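Right, one structure below, let's go through it.
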Amino acid sequence: MNLLHSIAQSFAEGVFKLYNQEVDAHEVLINPTKKEFVGDFTIVVFPYSKPAGKAPAVIGEELGQHLVKNSNYVDRYNVVNGFLNLSVNNVFWWECLNTMHQSPSYGLSEKNGHKVLVEFSSPNTNKPLHLGHIRNILLGWSVTSILEACGYEVIKTQVINDRGIAICKSMLSWVKFGGGVTPAEAGIKSDHFVGNYYVIFENKFQEEYKTWQESESGQQLLKEKGIEEENAASFFKEYKNQYFNLYSTLGKEAREMLQQWEAGDPAVIELWTKMNDWVYQGFESTYKNLGVSFDKNYYESETYLLGKETVAIGLEKGVFQKEDDNSVWIDLTDVGMDRKIVLRSDGTSVYITQDIGTAMLRYKDFGTEKMIYTVADEQDYHFKVLFEILKRLKEPYADGLYHLNYGMVDLTTGKMKSREGTVVDADDLMAEVIEEAAAGSSERGELANLSKAEQDAIITKIGMAALKFFILKVQPRKRMTFDPKESLDMQGQTGPYIQNAYVRIQSIFRKGGSFSLLNQSIQETLEPSEKSLLTLLYSFPDVVQEAGKTYDPSHLANFCYVLAKEFHRFYHEVRILGAATEEEKAFRLGICQMTAIVIEKGMKMLGIEMPDRM
RNA sequence: GGUCUCGUAGCUCAGCUGGAUAGAGCAACUGCCUUCUAAGCAGUAGGUCUCAGGUUCGAAUCCUGUCGGGAUCACCA
């Protein structure tokens, strides 16, 4: 695949021959020519003007002549200002299509022998997955697929936050208010069931808090703090956590349960195991519907004590310092960060200590020199600190750490807040988008003579494509606003639009489009849309590499959209099965097939599947 | 307040390591189904790329600052 590179090579030789300047052919930028100008590809010659000591227009002219004479592909040229526009011959386009066809693994790199671990999803077990998780999961999954395409061996992992006060709240709530009912008996999806008891806990707690606020001790506190009556409401809002820890009965019970859990109380552990299993069952089905899976789960209950031994090593190395009260710290002020605690004065570990230990455990488990953490951008600082610590501890993988951060998802109605019930539930959202696809499909009637099962399979693909593409087309780093209406869109810049291009191609081949590309050449002048399609298809491997290098699936998503758009244009512009000559028909079918292959591969890397009809 | 991050059409977003007259979709309006699936195509309209400087032959893109949104600065996770 070095058609363009061969032109770049000739160009570099020309610069050397004519102006005695060494130019690396890889540095020569060749872009598709803009529609308003004549030509197929453009080289900007400004950069070579100064060293050559001649005006851009002059060297453009000279280099254009050189290329026509020395390149097998360049037919004609024209110069506009410092832009050298080249027109290439049919041999170029023919070889372009043919070489792509020759490569069964087009766009995919060979195995590079490197391993990378990708962490994503990372749910809490006290509530079901929501829209925020969906962005996380789709990003993580997509990056996984992209890195695999780039030749890495990828290990997909999630950290499950299965311990702590939150799950204890659900547990306590179920014990107190559940009456022994199981999810199956209640007929509720099991993770939602557990989540409901978390909500019940919060509601009961709020009631209790409210009562306390009006009680003597509540009023007493206001007096002590000198809070005016009109500020009481906002004061109590702020004070909630302290109330929970100091006065609340429910809070006390939940904390006791956590202590019992940590002490290994068999009854609590049994309850904990039972309720977490319910949650995992629920997650399992959500993951399945999202089309994702994991190679390895790390449970916080098993890792939350990790990292303590490391602190001793760090102390020896002088990376950490011990205070008089026995707490252990790291000083990062020399690189513009703060001092950070890594071990409490009572000798227990904190969040970041766990993460240090977990990173080491993962390296021991898999020997991965790269680790990617898919976590929202509110934790940017945490990961900056974590990576710096691991670097100072001279961990072998320290240079291969990457925080794949992404912006929060806002709703058009404001922020998602679980307590205010404004959370968009993952299962609900998927069901809704599939329902929308079903409505669109029955209106069109294309699937009418398929079986119910076949229809459902296709409709699911369409709905999920809409949802996934909607999320993944946006750069991860950007905060995104989620408009439910817009996410249900199936027209325009959407997943189904891209699927439609693929489906059209499949339909053509069903109508009898067999062809053979070998040993043919076409004489006809190519249509602009044919050239654009070939140019796009040709750039696919670069797009994959770019997406891999930047851990950014949105490059790929936008590429697929542009490719589909160009195909739809092509489809309207030319007749494919009804082409004038057999050669032309074969060439166009070749383009169609290649387009289908690239769309399918590219969308696969976004976790989106193609239906054969829709 | 310190640090990080985002700011492009009414809305949601592209715009690659600086390159020609800044692009899509949605929403509005106009056309196109006797021809390969109209979830499609073509067209009209919509912009001082927050603002101000700087570097450059050339800046939405790089640098400095400004204004605006967001995040973060726990012996919580």
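None of these values were measured; they are calculated from a predicted model. Every chain is numbered from 1, with letters handed out A, B, ... down the list of sequences. All heavy atoms count here, side chains included; hydrogens, waters and symmetry mates do not.
- Shown here, B:A28 forms a base pair with B:U44; the pair counts as Watson-Crick or G-U wobble because both key distances fall under 3.5 Å.
- A salt bridge is absent between A:Lys340 and A:Glu388; no separation between the charged side-chain nitrogens and carboxylate oxygens falls under 4.0 Å.
- Note: CD (A:Glu573) to P (B:G40) measures 18 Å, nearest angstrom.
- Nucleotides B:C62 and B:U50, compared at atom P, are 12 Å apart to the nearest Å.
- In this pair, A:Phe11 and A:Tyr48 present their aromatic rings perpendicular. The plane angle is above 60°, beyond the 30 to 60° band.
- Atom NZ of A:Lys478 and atom C1' of B:G70 are 14 Å apart (whole Å).
- Interface remark: the A:Thr42 side chain does form a donor-acceptor pair with the B:A20 base, using a distance-only criterion of under 3.5 Å.
- Look at A:Phe83 and the base of B:A20; the rings stack, centres closer than 5.5 Å and planes less than 30° apart.
- The nearest whole Å value for the distance from the CZ atom in A:Arg504 to the C1' atom in B:U37 is 6 Å.
- In B:C33 the O4'-C1'-N dihedral to the base is within 90° of 0, which defines a syn nucleotide.
- Geometrically, A:Lys169 does not engage A:Phe201 in a cation-pi contact, judged by NZ or CZ lying under 6.0 Å from the ring centre and within 45° of the ring axis.
- Atom CG of A:Leu556 and atom C1' of B:C13 are 17 Å apart (whole Å).
- Comparing B:G15, B:C36, B:G40 by their closest approach to the side chain of A:Ile508 singles out B:C36.
- The side chain of A:His555 lies closest to B:G15, out of B:A77, B:U12, B:G15.
- Counting only heavy atoms from C-beta on, A:Gln491 has its side chain closest to B:C26 among B:C75, B:G15, B:C26.
- On a pure distance criterion of 3.5 Å, no polar donor-acceptor pair joins the side chain of A:Asp338 and the base of B:A74.
- Residue A:Arg479 has its side chain nearest to B:A71 when only B:A71, B:A77, B:A14 are considered.
- Using C1' as the reference atom, B:C57 and B:G10 are 38 Å apart when rounded to the nearest Å.
- Between B:A45 and B:G19, the two C1' atoms lie 29 Å apart (nearest whole Å).
- For A:Gln354, taking side-chain heavy atoms from C-beta onward, the closest of the listed nucleotides B:A24, B:U37, B:A77 is B:A77.
- You'll find that the side chain of A:Leu29 is closest to B:U17, out of B:A38, B:U72, B:U17.
- Closest to the side chain of A:Ser327, out of B:G19, B:U12, B:C75, is B:C75.
- The aromatic ring of A:Tyr351 is not stacked on the base of B:C76, since the criterion of ring centres less than 5.5 Å apart with planes inclined by under 30° is not met.
- By the 30° and 60° cut-offs, the orientation of the rings of A:Tyr243 relative to A:Phe205 is tilted.
- Side-chain proximity of A:Ser345 to B:C36, B:C75, B:G15: nearest is B:C75.
- For the pair A:Ala564 and A:Trp329, both in contact range of RNA chain B, the more 5′-proximal nearest nucleotide belongs to A:Ala564.
- Look at the C1' atom in both B:A27 and B:C16: the space between them is 30 Å, to the nearest Å.
- In this pair, A:Tyr561 does not lay its aromatic ring on the base of B:A24; centres under 5.5 Å and planes under 30 degrees do not both hold.
- Of the two residues near RNA chain B, A:Phe37 and A:Met480, the one whose nearest nucleotide lies more 5' is A:Met480.
- The gap from the P atom of B:C13 to that of B:C75 amounts to 36 Å, rounded to the nearest Å.
- A salt bridge (Lys or Arg N to Asp or Glu O under 4.0 Å) with A:Asp410 is found for exactly one of A:Lys478, A:Arg135, A:Arg479, namely A:Arg479.
- A cation-pi contact, defined as under 6.0 Å to the ring centre and within 45° of the axis, links A:Arg504 to A:Tyr571.
- With hydrogens and angles ignored, a donor-acceptor pair under 3.5 angstrom links the side chain of A:Asp325 to the base of B:C75.
- Using C1' as the reference atom, B:G15 and B:A59 are 13 Å apart when rounded to the nearest Å.
- With B:A20, B:U37, B:C13 as the candidates, the nucleotide lying closest to the side chain of A:Val474 is B:C13.
- Within the shown strands, B:C6 is the pairing partner of B:G68 under the Watson-Crick or G-U definition, both distances less than 3.5 Å.
- Put simply, CG on A:Asp410 is 9 Å from P on B:G70, counting in whole angstrom units.
- The interatomic distance linking A:His382 (NE2) with B:C4 (C1') rounds to 16 Å, in whole Å.
- Contacts of A:Ile462 with the nucleic acid, taken as non-hydrogen atoms under 4.0 Å apart, include base atoms.
- Taking the six-membered ring where the residue is Trp, the centroids of A:Tyr299 and A:Trp272 are separated by 6.0 Å or more.
- Rounded to whole Å, atom P of B:G15 lies 14 Å from atom NZ of A:Lys34.
- Distance from the side chain of A:Ser507 is smallest for B:U37 among the nucleotides B:U37, B:A14, B:A24.
- The C1' atoms of B:A9 and B:U48 are separated by 13 Å, rounded to the nearest whole Å.
- Across all strands shown, A:Val574 has heavy atoms under 4.0 Å from base atoms, whether or not it also approaches the sugar-phosphate.
- In this structure a side-chain-to-backbone donor-acceptor pair under 3.5 Å is present from A:Gln455 to A:Leu450.
- In this structure, A:Phe41 places its CZ atom 17 Å from C1' of B:A20, rounding to the nearest Å.
- B:U66 and B:C73 are spaced 24 Å apart, taking the P atom of each and rounding to whole Å.
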